[in-house]
Amino acid sequence: VRGAVEGRRVAITGVGVVAPCGIGAESFWAGLLAEPAPLQQRRVDDFDPAPWFSPKQARHTDRFTHLAVAAAEEALADSGRPEVDPVRGGVSLGTGIGGVGTLETQVGVLAERGARRVSPFTIPMVMPNAGAAELSMRTGWRGPCETITTACAAGTHSIAAGARLVASGQCDAVLAGGAESSMTPTTLAGFTRMTALSSSGVSRPFGAGRDGFCISEGAAVLVLEELGAARARGARVYAEIAGGASTADAHHITAPAPAGRGAAECMRTALDDADVAPDEVAHVNAHGTSTPLNDAAEAAAVAAVLGSPAVTSIKGVTGHSLGASGAVEAVGVALSYLHGQLPPTAGTAELDPDLAAIDLVLGGPRAWEPGVALSNSFGFGGHNGTLVFRPA
Amino acid sequence: VSQPPPDPLEARLVELAVAHLDIAPNRLRPDALLGEDLGVDSLAALELGMVLEDEFGIELPDDVLADVLTYGDLVAAVRSRVRTAQA
């Protein structure tokens, strides 16, 4: 990581995840290896905030915050809970749209019953930083506590920002990730009107006939610590975050820059940040949304920038959880290191022959000898994010 | 010691407060401070006020709520408003 204080490296010591295919890392991983049911809208159906929120607390926080807390609590428990000077503990939790579900409910209250019936909790529930704030209150960590909202790149950008807090010496531990629960009637209509959603309900990343993304919700959080300190306290280290990048297309509010220019530039910048050569990259956990334009641009960029890494998109299973997706996929990468396996690109039978040739993991999990891995995220607005992972 | 049976208004108020504030009924004593003793912050008090307005068909303007410090004050404010509304 550029700007790192000499010798400081960033370790992933805990993971937590809530996704439609599984709550908790173990069932999430099993879900990634199973065949998903075709479904345009993928919700975390069996999620109950009760283990972490009293009924009153649950009423006063949006669902995206519930998901974030569940993921963060799992990650902290998984890490063995590092002891941190509170002012050197940080939170970096991204989201695409924050508490839009609460906003939509209250818009209805306003229309039907008037302004005096709008909940006084509306603003603190809706604000995108509510999830991050909740995590700081629960941990008592009083260092930087921030929220990046770069649409579908928010989770990846938040982890990169969290890694920088550790590398720069500002923090000794950071909760970093993303959370999203924004499948309201209005947002669904908005995505539908822009023809972004799959009408078949099959998420088919990089496949022929892919027809859009399957929208989902979820949250994922990593515990990031300084590598040496993590080892000294005997923590399990999944992998190192060796670098990251954030770039902009400066092109169009929703369409990616031609020929994957933005994605390519972002991956190159990230490799430079990590001081890694392109042909060292063994694996790419792709953004791979299953939209025609994204996957074409990303395949072109991977083929142009890297050697021949094994590429997978877990969105065939998870669907696209927008601002959470980069974090959900970072957990997928961490678990790939743990299991020595790459999950397949479910939903896709074969690579679309019209795309640049990439080595897509298809059919079933592929064994791998852990090496350098990238994880990409690209968001509306032309926001690009890449994380670089290295075996620790 | 036998306690006088609570009147219907107060019984309903206890039910609503218990449901909305996560508070055991025996803590709802007249001198209990909403903030310090019952953990009701200003937003939760406003929300409870909204619930009580709907339930009893009254108005609890913000300046009335601002003077409500204890649970007893709350009962009194609601009772007075209900009387006014019925008058």
Side-chain angles (χ1 to χ4, degrees), chain A residues 47-66 68-70 73 98-140 142 145 147, chain B residues 11-29 32-71 73-75 77-78 80-82 84-86:
Chain A
F47 180 79
D48 179 359
W52 306 281
F53 293 85
S54 73
K56 181 175 104 176
Q57 291 171 323
R59 275 202 314 277
H60 294 166
T61 39
D62 187 85
R63 180 172 168 89
F64 94 97
T65 296
H66 301 168
V69 165
E73 292 286 0
V100 67
T102 296
L103 181 63
E104 191 148 331
T105 300
Q106 295 300 321
V107 166
V109 170
L110 176 70
E112 286 168 24
R113 304 179 58 211
R116 271 189 63 81
R117 287 295 172 273
V118 170
S119 168
F121 289 92
T122 303
I123 302 303
M125 290 171 74
V126 171
M127 58 190 196
N129 53 305
E134 183 70 29
L135 298 189
S136 76
M137 289 184 278
R138 282 170 185 257
T139 54
R142 307 199 301 272
C145 175
T147 289
Chain B
R12 184 66 185 135
L13 232 166
V14 168
E15 277 176 21
L16 292 168
V18 166
H20 284 268
L21 305 176
D22 286 351
I23 288 173
N26 63 5
R27 290 176 59 202
L28 294 172
R29 304 156 63 95
L33 290 164
L34 289 182
E36 215 167 296
D37 298 332
L38 302 179
V40 180
D41 66 19
S42 60
L43 295 184
L46 288 167
E47 186 188 53
L48 181 63
M50 208 165 74
V51 169
L52 298 177
E53 287 185 343
D54 282 348
E55 175 71 20
F56 295 108
I58 56 175
E59 279 199 29
L60 289 168
D62 294 349
D63 59 336
V64 168
L65 277 179
D67 290 336
V68 169
L69 300 179
T70 64
Y71 179 68
D73 293 344
L74 185 69
V75 176
V78 171
S80 138
R81 291 273 150 179
V82 169
T84 311
Q86 287 167 345

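A, B, ... follow the sequence lines: proteins, then strands. Residue 1 opens every chain.
- Heavy atoms from other residues, nucleotides or ligands lying under 6.0 Å from CD1 of A:Ile123 number 12 at most.
- For B:Ile23, no part sits under 4.5 Å from any heavy atom of chain A, backbone or side chain.
- Scored by the side-chain contact (heavy atoms from CB on, under 4.5 Å) test, A:Pro51 finds no partners at all (sequence neighbours excluded).
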Please list every donor-acceptor pair closer than 3.5 Å that links chain B with chain A, giving the two atom names and the distance for each.
{"unit_1": "B:His20", "atom_1": "O", "unit_2": "A:Arg59", "atom_2": "NH2", "d": "2.8"}
{"unit_1": "B:Asp22", "atom_1": "OD2", "unit_2": "A:Ser54", "atom_2": "OG", "d": "2.9"}
{"unit_1": "B:Asp22", "atom_1": "OD2", "unit_2": "A:Lys56", "atom_2": "N", "d": "2.9"}
{"unit_1": "B:Glu47", "atom_1": "OE1", "unit_2": "A:His60", "atom_2": "NE2", "d": "2.6"}
{"unit_1": "B:Glu47", "atom_1": "OE2", "unit_2": "A:His60", "atom_2": "NE2", "d": "3.3"}
{"unit_1": "B:Glu53", "atom_1": "OE1", "unit_2": "A:Arg116", "atom_2": "NH2", "d": "3.4"}
{"unit_1": "B:Glu53", "atom_1": "OE1", "unit_2": "A:Arg117", "atom_2": "NH1", "d": "2.8"}
{"unit_1": "B:Glu53", "atom_1": "OE1", "unit_2": "A:Arg117", "atom_2": "NH2", "d": "3.1"}
{"unit_1": "B:Glu53", "atom_1": "OE2", "unit_2": "A:Arg116", "atom_2": "NH2", "d": "2.6"}
{"unit_1": "B:Asp54", "atom_1": "OD1", "unit_2": "A:Arg113", "atom_2": "NH2", "d": "3.1"}
{"unit_1": "B:Asp54", "atom_1": "OD1", "unit_2": "A:Arg117", "atom_2": "NE", "d": "2.5"}
{"unit_1": "B:Asp54", "atom_1": "OD1", "unit_2": "A:Arg117", "atom_2": "NH2", "d": "3.0"}
{"unit_1": "B:Asp54", "atom_1": "OD2", "unit_2": "A:Arg113", "atom_2": "NH2", "d": "2.5"}
{"unit_1": "B:Asp54", "atom_1": "OD2", "unit_2": "A:Arg117", "atom_2": "NE", "d": "3.4"}
{"unit_1": "B:Leu60", "atom_1": "O", "unit_2": "A:Arg116", "atom_2": "NH2", "d": "3.4"}

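- With a threshold of 4.5 angstrom between heavy atoms, B:Ala19 approaches chain A through N, CA, C or O but not through any side-chain atom.
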